[in-house]
Enquirer: 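Here it is, the structure, as C-alpha cells.
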2 protein chains.
Amino acid sequence: MDTALEGASPSWAATYRRDCPSRTVIEVLANKWALYVLGALRRYDRPMRFNELRRLLDGITQKMLTQTLRALERDGLVSRTVYPTVPPRVEYGLTELGVGAGQLTSAIAEWSAENAQKIATARRAFDGRATVEPAPLQ
Amino acid sequence: MDTALEGASPSWAATYRRDCPSRTVIEVLANKWALYVLGALRRYDRPMRFNELRRLLDGITQKMLTQTLRALERDGLVSRTVYPTVPPRVEYGLTELGVGAGQLTSAIAEWSAENAQKIATARRAFDGRATVEPAPLQ
DNA sequence: CTGAATCCGAGTAGATACTG
DNA sequence: CAGTATCTACTCGGATTCAG
C-alpha cells in the first residue's frame, strides 16, 4: 500500500486538487461549445467570421457563441480582429496557444466520430439492461 | 473562394451538425468531471474504488461522481465491478474504449497544467484592458 | 462503503428585441 | 454583420438524508 510513500502522490495528482491552476483552464475547455469552436478553427486552419462560425456550429445561439469566444479570447487562445468596414467584419483566429489547444480538442472530435457507433451500441446495451427489471412507466 | 465547391464541406464538418452522432459522445466528454475521471483512471492505470476516486478528485460530490461514472459506464468507457463483500467494494476501470478516451483527456489535463501560467497571464491582461475604462467598482 | 433520493439555489441557455 | 440587453425556463450541481 505504499505506506512509506503515503504522503507522496504522483506529481500530476495535483491536477485534481481544487486549487490547482490547471483546473481553471480545464473548466474552460471542458465545454461543448469551446471544444467545437477551437476544433473548427483548427481544422479550417484560418480565421473565421462570427456568422460563419455560427452557421457551422449548428444549434449554437448568438449568445453562446459570443460568450464562448470571449472566454477563449480572455484565455489567449483566440484572437479577435476587427476590420473597421461597414458592415463590420470581425475575424476570430487561433493564437499560437490556441493551436495547441485546438489540436487536442479536434482530436476529441475525431475520436468521437470514429467511435460513435461503438458507443451507441454500448448505450443501447446498457439501457436495455437497465430497463429489464423496472416498470415501463415514464 | 471555392465557388465551384460551395456545397461541398469537408467531411468532418458533419461533426458540427446538430444531428451528428459524434455530438452525443462529445457532450459526455466535454464535462469537467468526466475529463477528470477518465484522466485519473488512465494515469493511475488501474481500477479504482469509489471513495478513492472521490478523495482524489477534490471537490466532487458523491452525486456527481456517481452520475459521471454512470454516464461513462453507459457509454462503454468505464467498467464497474462489484465485489460482494461486506462492506461492499466496487471498482471502476477503463475499458479498451475508455483507454483511448483517457489518453485524450489526460492530454488535455497535461496541456492545461503546462500552460496554466501563460493563460493566467493572458487573463490578467484581458481583465486589465477590460477594466481600464469602466468604474473601478466591484 | 457505495450508493439512491430529495430539496433547493445559482447559474446557464434559449428566445426575443434592439443597436452601431 | 456583429454584437448587447433582457427575460424567463430550466437544468445542473451542491448539501443533506437515508438505505443496502
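Naming: A, B, ... by sequence-line order, numbering from 1 per chain. These numbers come from the heavy atoms of this one structure, side chains and all, not from hydrogens, waters or symmetry mates.
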Enquirer: Scan side-chain atoms only and decide if B:Thr81 and B:Arg89 contain a donor-acceptor pair under the 3.5 Å cut-off.
Expert: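 Checked: B:Thr81/B:Arg89 side chains show no N/O donor-acceptor pair below 3.5 Å.
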Enquirer: Check whether any side-chain heavy atom of B:Arg49 sits under 4.5 Å from a side-chain heavy atom of B:Arg55, and report yes or no.
Expert: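 B:Arg49 does not reach B:Arg55 side chain to side chain.
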Enquirer: Within residues 35-48 of chain A, which residues have any heavy atom lying less than 4.0 Å from an atom of DNA chain C?
Expert: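 Per residue number, the list is empty: none.
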Enquirer: Can you establish whether the number of heavy atoms outside B:Arg70 located under 6.0 Å from its atom CZ is more than 12?
Expert: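 Yes, the 6.0 Å shell around CZ holds more than 12 heavy atoms from other groups.
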Enquirer: What are the two closest heavy atoms between B:Ala109 and A:Thr15, and how far apart are they?
Expert: CB-CG2, 4.1 Å
Enquirer: So is B:Arg74 actually on top of A:Phe126's ring, under 6.0 Å and inside 45° of the axis?
Expert: no
Enquirer: For salt bridge (charged side-chain N to carboxylate O under 4.0 Å, His left out), just list the numbers for A:Glu52 and A:Arg54, CA-CA rounded to whole Å, side-chain angles, deciding distance to a tenth of an Å, and then say yes or no.
Expert: CA-CA 5 Å; A:Glu52 189 179 9; A:Arg54 179 141 82 120; over 6 Å; no
Enquirer: Once each nucleotide of nucleotides 3-17 of chain C is scored for protein heavy atoms under 4.0 Å, what B/S/- sequence comes out, 5' to 3'?
Expert: BBBBB-----BBB--
Enquirer: Verify, without hydrogens or angle tests, whether A:Asp75 (side chain) and A:Leu77 (backbone) share a donor-acceptor contact under 3.5 angstrom.
Expert: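 Checking the backbone N and O of A:Leu77 against the side chain of A:Asp75, no donor-acceptor pair under 3.5 Å is found.
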Enquirer: Hey, can you tell me if A:Tyr92 and A:Phe50 have their rings parallel, tilted or perpendicular (30° and 60° cut-offs)?
Expert: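 Judged by the thresholds at 30° and 60°, the geometry between A:Tyr92 and A:Phe50 is tilted.
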Enquirer: What do you reckon, is CD of A:Gln117 surrounded by more than 12 foreign heavy atoms closer than 6.0 Å?
Expert: no
Enquirer: Below 4.0 Å from chain B heavy atoms, what is the first contacting nucleotide of DNA chain D and what is the last?
Expert: D:dG13 to D:dG20
Enquirer: Judged by atom type as modelled, is there a donor-acceptor pair below 3.5 Å linking the side chain of B:Arg80 to the main-chain atoms of B:Glu73?
Expert: no
